[in-house]
Amino acid sequence: MDMNKTTAQSKETFEKISSATAEAANLLQSSCTTAFEGVQAYNKKLVEFTRANTTAAFDFVQNLYDIKSPSQFIELSTKHARAQTEALTGQTEELRALAQKIAVASTEPLRSGAAKAAGHNA
């Protein structure tokens, strides 16, 4: 009789461990998928910003051909520098916020899984 009880307990323990391992693997996969999708969105945003900044640089160079005086050059250069500084500041902030969002979203499955596991163990 003792042998059957031990076998049943061993089987139950094995099933619990197998279930916990599968759940952990699913959480990790979900976290990695979310991170990968986030990195894709981040890279897409970088390409968008690079395209905009390149266009602005070409427009600036093209506008240089129309300059007739040093004062026009200074005015155009100042205007371009101001616009690029504002654009880069906004782009940096947008990328920072996106990176933070990706980090939170990527770790959320792991955090909720850990909370759930802690709730089961309590």
Side-chain angles (χ1 to χ4, degrees):
M1 193 92 154
D2 255 359
M3 184 64 123
N4 287 340
K5 186 176 180 182
T6 303
T7 302
Q9 286 176 341
S10 295
K11 184 178 179 183
E12 183 181 334
T13 301
F14 176 76
E15 287 173 357
K16 285 182 180 180
I17 291 171
S18 293
S19 176
T21 302
E23 190 172 329
N26 287 338
L27 290 172
L28 189 57
Q29 181 180 7
S30 176
S31 181
C32 288
T33 299
T34 302
F36 180 73
E37 290 168 353
V39 168
Q40 285 181 317
Y42 191 91
N43 286 340
K44 184 177 178 182
K45 191 57 74 173
L46 277 176
V47 169
E48 176 187 321
F49 291 159
T50 301
R51 185 175 291 131
N53 294 337
T54 301
T55 299
F58 278 122
D59 289 347
F60 172 70
V61 170
Q62 192 171 26
N63 288 332
L64 288 176
Y65 289 111
D66 297 331
I67 289 179
K68 306 283 189 241
S69 69
S71 63
Q72 285 180 328
F73 173 77
I74 291 171
E75 182 182 338
L76 180 64
S77 296
T78 303
K79 181 180 174 184
H80 175 72
R82 186 177 304 120
Q84 282 307 105
T85 300
E86 289 173 10
L88 290 173
T89 300
Q91 291 167 355
T92 300
E93 177 57 28
E94 193 171 338
L95 289 173
R96 185 206 58 76
L98 182 57
Q100 184 176 17
K101 180 181 174 185
I102 292 166
V104 169
S106 297
T107 58
E108 183 55 37
L110 298 175
R111 238 182 302 180
S112 63
K116 183 178 174 185
H120 284 316
N121 292 334

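These numbers come from the heavy atoms of this one structure, side chains and all, not from hydrogens, waters or symmetry mates.
- Pairs of residues two or more places apart, or lying in two chains, never qualify as ring pair (Phe, Tyr, Trp, His ring centres under 6.0 Å) while including a residue from residues 8-35.
- For residues 67-89, the set of pairs meeting the ring pair (Phe, Tyr, Trp, His ring centres under 6.0 Å) definition, not counting sequence neighbours, comprises F60-H80.
- The salt bridge (charged side-chain N to carboxylate O under 4.0 Å, His left out) contacts involving residues 44-57 comprise K45-E48, K45-E94, where partners must be two or more places apart or lie in separate chains.
- Put simply, CD1 on I67 and CG on L76 are 4.5 Å apart, with the number rounded to the nearest 0.5 Å.
- For residues 19-53, no residue pair satisfies the ring pair (Phe, Tyr, Trp, His ring centres under 6.0 Å) rule, not counting sequence neighbours.
- Legend: salt bridge (charged side-chain N to carboxylate O under 4.0 Å, His left out) pairs involving residues 56-71, not counting sequence neighbours: none detected.
- Legend: side-chain hydrogen bond (donor to acceptor under 3.5 Å, both in side chains) pairs involving residues 81-92, not counting sequence neighbours, sorted by first then second residue: N53-Q91.
- Considering only residues two or more places apart in sequence or on other chains, Q100 meets the side-chain hydrogen bond (donor to acceptor under 3.5 Å, both in side chains) condition with R96.
- In this view, E15 satisfies the salt bridge (Lys or Arg N to Asp or Glu O under 4.0 Å) rule with no residue, not counting sequence neighbours.
- With sequence neighbours excluded, the residues that form a salt bridge (Lys or Arg N to Asp or Glu O under 4.0 Å) with K16 are E12.
- With sequence neighbours left out, E37 forms a salt bridge (Lys or Arg N to Asp or Glu O under 4.0 Å) with no residue at all.
- The nearest pair of heavy atoms linking A35 to S106 is CA-OG, 3.1 Å.
- The ring pair (Phe, Tyr, Trp, His ring centres under 6.0 Å) contacts involving residues 86-109 comprise nothing, where partners must be two or more places apart or lie in separate chains.
- Distance alone, capped at 3.5 Å, is enough to place a donor-acceptor pair between the T107 side chain and the V104 backbone.
- Panel note: side chain Q72, backbone S69; a donor-acceptor pair is recorded below 3.5 Å.
- Residue Q40 places its CD atom among more than 12 non-hydrogen atoms of other residues, nucleotides or ligands, all under 6.0 Å distant.
- Residues forming a side chain to side chain contact (heavy atoms under 4.5 Å, CB included) with T54 (at least two apart in sequence, or on another chain): T50, F58.
- Separation of atoms CD (E23) and CG (N26) is listed at 7.5 Å; rounding is to 0.5 Å.
- Between I102 and V39, the closest heavy-atom pair is CD1-N, 4.2 Å.
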